Amino acid sequence: MSNSVENLYRLDGRVPLGKALPFGLQHVLAMFVSNITPIMILAAAVGLDSAISAALIQNCMVIAGIGTLVQLFPVWRVGSRLPIVMGISFTFLSLAISIAGAYGMGTLIGAVIVGGLVEGTLGLFVKYWIKLIPHVVSATVVTAIGFSLLPIGANSFAGGQGATDFGSMSNWIVGSVTLLACLLCQVFAKGFLRSLSVLVGLVVGYVLSCFMGMVDFGGLSGQSIIALPRILPFTPEFNVGAILSVVAVYLVSATETIGDTSALCNSALKRDPATREMGSAICCDGFVSSVSGLFGCTPITSFSQNVGLAAISGVVNRFTIGVGAVVMIIGGVFPVIGAALTTIPQAVLGGCTIMMFGSILFAGFGMMARAGFSQRNMVIVSLSLSMGLGFTQATGMFAIFPEIVRTVFAENCVAVVFLLAVVLNLVLPKKVQGEI
């Protein structure tokens with residue numbers, strides 16, 4: 001097998017480690033904070049002690065690395081052989097807090113383990129139900145994912161939602177300089193450096209934030225050199241109601257994985273995903289989420305921000321992204337590495353991700369163009385997006401529905417858009433009146 005820098009832009013092939021490391025690290029930095037944030041929020045909401053919280057943060061780094069490696073280098077039919085980066089999903093957060101608060105972490109973990117097995121099994125039989133998701137539905141879901149990520153990027157740009165200095169001048173300066181560095185590198189740099197535009201912007205923003213006194217190194221003191229992941233920090237318990245609720249959200253997670261897989265293949269690989277690839281990606285989503293439960297973590301899923309990074313940089317090499325996955329695992333085994341990465345200010349990450357999230361929107365538009373702008377497709381796309389994006393901005397509309405419906409749909413525009421797009425695709429006649 002050849003060992004060349006040119007392989008960065010090919011799915012297979014080896015890349016010199018010195019070149020693969022910065023590109024792999026770029027993927028880790030793009031998702032790091034988003035990966036550990038759900039666990040941090042859950043631990044605080046449930047009232048877990050600091051030792052358990054630290055162990056869970058460590059575990060979520062390890063499980064994200066394992067999940068990414070499985071996607072890149074499949075085990076049997078689990079894993080897509082695509083450059084998909086996995087991490088702890090935000091989709092489950094509100095439900096996880098509700099279940100853990102009412103029944104305890106053991107019940108939550110039991111539901112995560114069983115629900116993951118259900119989603120993984122669905123992935124094995126994808127060929128029997130994937131026809132429900134034609135190109136126009138996939139394009140609509142990918143576009144919804146892009147729109148749903150924009151507020152996340154904007155909040156990070158301003159300093160992170162809930163931050164005391166949210167929207168401050170310092171955050172505006174750091175976020176803007178970071179974004180400008182990314183943009184200039186993307187537009188004017190060539191070859192190797194251009195593909196590292198996000199990492200260049202991150203370094204520039206980080207250095208600037210250090211000079212501005214925005215980086216807190218206090219968390220680096222007192223860190224142990226090495227700490228092995230803690231398996232089964234909670235004893236699983238099985239509650240039927242909790243399991244059914246979590247399974248419903250797993251279906252939403254599968255939808256997002258289908259959208260991410262489609263966006264990745266269309267934007268970075270310039271082709272449509274194969275049915276087997278989508279099924280195998282969902283298998284990884286589900287089965288590795290069950291393993292995540294054994295580590296005391298909530299489910300993992302594909303990370304859309306890394307899909308955007310692949311689209312911008314053009315780097316799709318499995319070996320290179322696998323190096324990043326190993327860095328994630330090392331970050332979990334050596335706590336000081338993970339602690340060092342947490343010092344990156346939110347404004348720096350926001351400046352890096354704004355353009356990445358926009359590239360997912362662009363991929364969705366491209367998929368719509370390939371699906372065709374027929375009257376029927378116009379109805380499916382416009383109604384699904386307008387209701388999905390609009391209704392979830394007015395979450396009080398869902399107050400009349402049962403809690404499980406509110407949990408799955410009230411704040412998850414991707415779930416609403418997916419459901420509407422599938423239903424409209426099924427009920428609308430193949431030729432809408434007025435079409436030729």
Side-chain angles (χ1 to χ4, degrees), residues 11 67 70-72 74-84 86 89 91 115-146 247-290 299-304 307 360 363-364 366-372 374 376-377 379-381 384-385 388 408 412 414-430:
L11 199 58
V70 172
Q71 283 284 24
L72 296 168
V75 179
W76 185 52
R77 291 170 62 186
V78 182
S80 61
R81 285 191 81 254
L82 293 174
I84 295 174
M86 306 292 286
S89 174
T91 305
L117 296 175
V118 172
E119 185 191 12
T121 303
L122 280 174
L124 293 175
F125 298 97
V126 67
K127 66 180 181 181
Y128 298 107
W129 53 266
I130 197 63
K131 292 180 181 178
L132 296 172
I133 310 174
H135 290 309
V136 65
V137 173
S138 296
T140 309
V141 171
V142 169
T143 304
I145 289 173
V247 166
V249 183
Y250 264 113
L251 298 180
V252 177
S253 179
T255 301
E256 294 174 340
T257 298
I258 290 172
D260 285 341
T261 305
S262 299
L264 176 69
C265 289
N266 279 273
S267 62
L269 300 179
K270 310 303 180 187
R271 62 173 175 82
D272 291 326
T275 299
R276 179 198 60 77
E277 289 173 329
M278 286 193 286
S280 298
I282 294 170
C283 282
C284 181
D285 226 36
F287 291 136
V288 180
S289 288
S290 293
I300 68 169
T301 191
S302 57
F303 262 39
S304 301
V307 173
I360 297 175
M367 292 169 67
M368 286 182 190
R370 285 187 289 277
S374 65
R376 183 177 189 274
N377 286 352
V379 172
I380 292 173
V381 172
S384 299
L385 288 176
V408 175
N412 193 332
V414 176
V416 179
V417 168
F418 171 73
L419 179 62
L420 288 171
V422 169
V423 171
L424 288 170
N425 180 65
L426 291 174
V427 301
L428 287 178
K430 294 302 179 184

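Sequential numbering from 1 along the given sequence is applied to the chain's residues. Because only heavy atoms are used, hydrogens play no part in the values below, and waters and symmetry mates are left out as well, while side chains stay in. Predicted model only: the values in this text are computed from it and were never measured.
- L122 is listed as a side-chain neighbour of L251, based on a closest heavy-atom distance under 4.5 Å.
- Taking CD1 of I300 as the reference point, atom CZ of F287 lies at 13.0 Å (rounded to 0.5 Å).
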Margin query: Determine whether I84 and D260 satisfy the following criterion, side-chain contact (heavy atoms from CB on, under 4.5 Å), listing intermediate values before the conclusion.
Written below: CA-CA 8 Å; I84 295 174; D260 285 341; over 6 Å; no

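- Considering all non-hydrogen atoms of both residues, G67 and V288 come closest at CA-CG1, 3.8 Å.
- At a threshold of 4.5 Å between non-hydrogen side-chain atoms, the residues M86 and D285 count as touching.
- Across all their heavy atoms, T257 and A281 have their closest contact at CG2-CB, 3.9 Å.
- Rounding to the nearest 0.5 angstrom, the gap separating the CD1 atom in I130 from the CD1 atom in I282 is 6.0 Å.
- Pairing each heavy atom of A139 with each of M367, the nearest pair is CB-CB, 3.6 Å.
- With a 4.5 Å cut-off on side-chain heavy atoms, L82 and C265 count as touching.
- For the atom pair T301 OG1 and Y250 OH, the distance stands at 10.0 Å (nearest 0.5 Å).
- In this structure the side chain of N425 reaches within 4.5 angstrom of the side chain of P134, judged on heavy atoms.
- Note that OG of S80 is 7.5 Å distant from CG of L72, once rounded to the nearest 0.5 Å.
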Next item on the list: Walk me through it: do R77 and L124 pass the test side-chain contact (heavy atoms from CB on, under 4.5 Å)?
Entry: CA-CA 8 Å; R77 291 170 62 186; L124 293 175; 4.0 Å; yes

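- Residues L428 and V379 are in side-chain contact: their nearest non-hydrogen atoms beyond the backbone lie under 4.5 Å apart.
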Next item on the list: Let me see the working for R81 and E277 under side-chain contact (heavy atoms from CB on, under 4.5 Å), right down to the final yes or no.
Entry: CA-CA 7 Å; R81 285 191 81 254; E277 289 173 329; over 6 Å; no

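- For the pair V142 and S262, the tightest heavy-atom approach, listed with the atom from each and the gap, is CG2-CB, 4.2 Å.
- Taking CG from L132 and CZ from F418, the interatomic distance works out to 7.5 Å, rounded to the nearest 0.5 Å.
- With N266 as the partner, the side-chain hydrogen bond (donor to acceptor under 3.5 Å, both in side chains) test is satisfied by one option alone out of R271, R370, H135: R370.
- In this structure, a donor-acceptor pair under 3.5 Å is absent between the side chains of S253 and S89.
- Looking at S289, its side chain never comes within 3.5 Å of a backbone N or O of P299 through a donor-acceptor pair.
- The two residues A371 and N377 make their nearest non-hydrogen contact at O-ND2, 3.2 Å.
- Taking each heavy atom of S267 and A263 in turn, the nearest pair found is OG-O, 2.6 Å.
- The closest side-chain heavy-atom distance from I133 to M278 is not below 4.5 Å.
- Side-chain contact check for L264 versus P83: some heavy-atom pair is nearer than 4.5 Å.
- You'll find the side chain of C283 stays beyond 4.5 Å of the side chain of W76, heavy atoms only.
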